[in-house]
Structures are given as structure tokens and as C-alpha cells.
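Please read the structure below before turning to the comments.
Order of appearance sets the numbers: ligands from 1, and atoms from 1 within every ligand. If you're wondering where the values come from, they're calculated on a predicted model, not measured in any experiment.
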Amino acid sequence: MKVTIVGAGAVGASCAEYVAIKNFASEVVLLDIKEGYAEGKAMDLMQTATLNGFDTKITGSTNDYSKTANSDIAVITSGIPRKPGMTREELIGINAGIVKEVSANLIKHSPEVTIIVVSNPMDTMTYLVHKTTGLPKNKIIGMGGALDSARFKYRLSEALECPPSDVDGMVIGGHSDTGMVPLTRLATRNSVPVTAFLSEDRLNQVAEDTKVGGATLTKLLGTSAWYAPGAAVSGLVQAIACDQKKMFPCSALLEGEYGLNDLCIGVPAILGKDGLEKIVEIQLDDAEKAKMKESAEGVKKTNGLLDV
Ligand SMILES: NC(=O)C1=CN([C@@H]2O[C@H](COP(=O)(O)OP(=O)(O)OC[C@H]3O[C@@H](n4cnc5c(N)ncnc54)[C@H](O)[C@@H]3O)[C@@H](O)[C@H]2O)C=CC1
Ligand SMILES: O=C([O-])CC(=O)C(=O)O
């Protein structure tokens with residue numbers, strides 16, 4: 001199983017580290033445009049192999065896509081991150097060109113590849129890859145919801161004063177400060193709805209804190225987060241590589257599902273060897289449907305800025 005990660009920056013390297021530590025891939029190729037950078041990150045990570053007990057071979061490449069040939073899965077984390085005070089949407093001007101070029105280069109050397117898009121604004125970048133590559137729709141997946149759901153569970157565990165492992169929950173919708181739809185109604189602590197433990201006000205606070213999860217970290221760090229993003233991407237990579245049939249909210253191209261068309265947005269999906277194998281349509285209540293519709297309008301507005 002060969003995994004390529006384009007962009008050896010904070011998120012790309014974190015993803016490579018988690019993939020390696022989970023020890024399911026034979027090979028990880030890190031590629032970056034900055035001379036020597038991916039090679040350096042790969043060497044540093046390889047020097048953790050005996051410490052962390054993995055056999056995955058990690059190599060680096062400065063923009064040489066022949067090194068990525070015959071990748072099964074490719075992750076796109078190349079592009080600029082936001083700075084405090086910015087929205088993800090403001091990154092479109094620079095990142096659209098990068099994502100378009102990177103995905104074309106990947107496919108030239110790995111025509112069967114499944115691409116996981118991470119670069120922001122992620123839903124729009126995922127849509128761009130659909131519009132410009134001609135890959136089948138199951139082979140293009142945007143990562144946002146897995147991360148947002150992890151943050152939701154963290155915020156719920158804080159409110160419940162319990163370990164995160166007691167909590168289950170999911171965030172669908174757009175991966176943006178205003179577009180996320182945390183499904184508080186369906187979240188549980190050990191099968192008991194969290195609504196049994198938390199007031200409506202507290203749950204609203206959890207939802208709001210979840211939606212600005214990325215912005216909160218960007219303000220603290222001066223750039224956007226990488227540990228949880230890297231871990232979330234590695235979860236998607238593993239689900240596909242190991243044919244796990246796990247359900248993650250992913251940015252998927254919708255053709256009528258959830259009453260939406262011609263956009264990529266976060267919905268629950270089953271991931272396995274064929275990539276995004278199935279979109280799961282869950283029953284939303286009227287308020288959730290309205291939030292999803294509003295979120296989709298926001299994503300479409302950003303898509304409108306693309307030159308496709
Ligand atoms: N979807 C999500 O949930 C998340 C998305 N992100 C996004 O991921 C992207 C990467 O974030 P970081 O790793 O923090 O940024 P970073 O700046 O640490 O790394 C980005 C890397 O991309 C490289 N790069 C730029 N143009 C390239 C090209 N044409 N080919 C190959 N490499 C190229 C840069 O040299 C740099 O090393 C950002 O757009 C960020 O907003 C970050 C966190 C979560
Ligand atoms: O907040 C950002 O810009 C990066 C990102 O998508 C996240 O951490 O959720």
C-alpha cells in the first residue's frame with residue numbers, strides 16, 4: 001500500500017507520522033515544492049521508526065512526481081494555511097491553483113489513485129478536483145468532518161466532564177466557521193442522548209465552540225492546527241487502505257442526496273477499498289435541514305469564485 005502526501009508542512013508531516021505509527025502502509029512518499037524539505041521531514045520521521053516501532057518506509061521528494069508513481073492513496077495538504085483573523089475561504093486565490101496543478105500531476109503518475117483533499121477552503125478544493133480531473137466520484141474525498149467531529153466530541157466531553165472516549169457525535173455540513181452542522185440531537189454518552197445531561201444553552205455553546213474550533217486554534221498558534229488534522233486524515237487513509245467500511249463525515253460530491261446537487265459538502269460516508277463507497281442519508285429534523293441548506297449556499301458561493 002503506497003500513500004503519497006503532497007505538502008510536507010505541518011498537516012502533511014503530522015499525517016505521515018500517524019500513518020506510519022499505525023503501521024498499515026508499506027510506503028509513504030512526502031512531496032513538497034520547497035527544496036529538500038520533504039526529504040528532511042522524511043528522514044526525521046524515519047529516525048523515529050525504531051523508537052515508535054513501525055516498518056513503513058517514508059521517503060521525501062522535491063516536486064518529483066515520478067517518485068509518487070502507482071500510489072494507491074494521495075493526500076493533498078499543499079497550500080497556505082490561514083493566519084489569525086482570516087477565514088478559510090480567503091485562501092482560495094492561492095490554493096486553487098496549487099490544488100489543480102498537484103492533482104493533475106498526481107494522476108499522471110497514479111491514474112488509479114484515490115485522492116483525499118485537505119487544503120482549504122476544503123469543500124471547494126474537493127469540488128475543484130472533481131471538476132478538473134475526471135476521476136470517478138468515489139475516488140475524491142474531502143477531509144473536514146472527521147476533524148470537526150473529533151473537536152465536537154472533545155467539547156462535549158468538556159461539558160459532560162467525562163473522557164472523550166465516552167462520547168459519540170458527528171458534524172456534517174461545510175468545513176467553515178459558520179457552515180458546520182454539529183448534530184447535538186444525535187450525540188450520545190454511552191448510548192444515552194447528551195440532551196439528557198446538558199441544557200439546550202450548554203449544547204448550543206458546545207456547537208458554537210465546535211464551529212470555530214479551527215479559528216480558536218489559529219488564534220492560539222498563529223497558524224492553523226496540525227495534530228488533530230493529521231490524525232483525522234490518517235483515519236481516512238487507514239479506512240481505505242484496510243477496507244474498513246468505517247463511517248466518517250466526508251466532503252462528497254452530492255447528486256440529489258440531502259436534497260443537494262453539484263457541490264461537495266460534509267455528509268456521512270462509508271470508506272473502504274473503493275474510496276467513498278456509499279453516502280449515508282440520515283433523517284434530519286427541520287432545523288438541521290435548514291442549517292444544511294444554509295451551509296450548502298455558503299459552499300456554493302465560494303465555489304462560484306472558482307474558474308471552472
Ligand atoms: N481540511 C482540514 O480539516 C484542514 C485543512 N488545513 C489546510 O491544509 C493546508 C496545509 O496546512 P499546513 O500544513 O498547516 O500548512 P504548511 O504551510 O505548514 O504546509 C503547506 C506545505 O505545502 C507546500 N506547498 C505549497 N505549494 C506546493 C506545491 N505546488 N506543491 C507541493 N507542495 C506545495 C509548502 O511548501 C508547505 O510545506 C492549508 O490550506 C490549511 O488551511 C489545515 C488543517 C485542517
Ligand atoms: O482552521 C483552519 O484554517 C484549518 C482547518 O481547517 C482546521 O483546523 O479545521
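Annotation for Val19 and Ser234: closest pair CG2-CB, 3.8 Å, computed over non-hydrogen atoms.
Residue contacts with ligand 1, taken as heavy atom pairs separated by less than 4.0 Å, involve Val6 solely via side-chain atoms from C-beta onward. Contact annotation for Ser78 and ligand 1: heavy atoms of both the backbone and the side chain come within less than 4.0 Å of the ligand. At a heavy-atom cutoff of 4.0 Å, ligand 1 is contacted by no atom of Arg88, backbone or side chain. Of the heavy atoms in Leu217, none comes closer than 4.0 Å to ligand 2. Under 4.0 Å from ligand 1, not a single heavy atom of Ala232 appears.
Protein heavy atom nearest atom 6 (O) of ligand 2, with residue, atom name and distance: His175 NE2, 2.6 Å. Scanning the protein heavy atoms around atom 8 (O) of ligand 2, the nearest turns out to be Arg151 NH2, 2.9 Å. In terms of protein heavy-atom proximity, atom 31 (C) of ligand 1 is nearest to Ile33 N, 3.5 Å. Protein heavy atom in closest approach to atom 7 (C) of ligand 1: Asn120 ND2, 3.5 Å. Protein heavy atom nearest atom 25 (C) of ligand 1, with residue, atom name and distance: Gly79 N, 3.7 Å.
Using modelled atom types and a 3.5 Å distance limit, the side chains of Asp201 and Ser199 yield no donor-acceptor pair. Side-chain contact annotation: Thr68 with Thr4, donor-acceptor N/O pair under 3.5 Å absent.
Not a single heavy atom of Trp226 sits closer than 4.0 Å to an atom of ligand 1. Residue Val118 places a heavy atom less than 4.0 Å from ligand 1.
Nearest-heavy-atom check against atom 4 (C) of ligand 2 across Ser224, Pro121, Ala228, Ala10 picks out Ser224. Here the shortest heavy-atom distance to atom 28 (C) of ligand 1, taken over Val75, Ile98, Asn105, Val233, belongs to Ile98.
Checking only distances, Thr223 never comes within under 3.5 Å of ligand 1, N or O to N or O. By the 3.5 Å distance cut-off applied to N or O atoms, Met122 is not counted among the residues near ligand 1. Residue Ser119 places no N or O, backbone or side chain, under 3.5 Å from any N or O of ligand 1. At least one N or O atom of Arg82 sits closer than 3.5 Å to an N or O atom of ligand 2.
Looking at heavy atoms from C-beta onward, Val113 lies out of side-chain contact with Ile73 at the 4.5 angstrom threshold.
For ligand 2, the atoms sitting less than 4.0 Å from at least one non-hydrogen atom of Leu147 are 7 (C), 8 (O), 9 (O), numbered in the order shown with element in parentheses.
Here the rule is side-chain hydrogen bond (donor to acceptor under 3.5 Å, both in side chains) with His175, and of Asp123, Thr124, Asp148 only Asp148 fits it.
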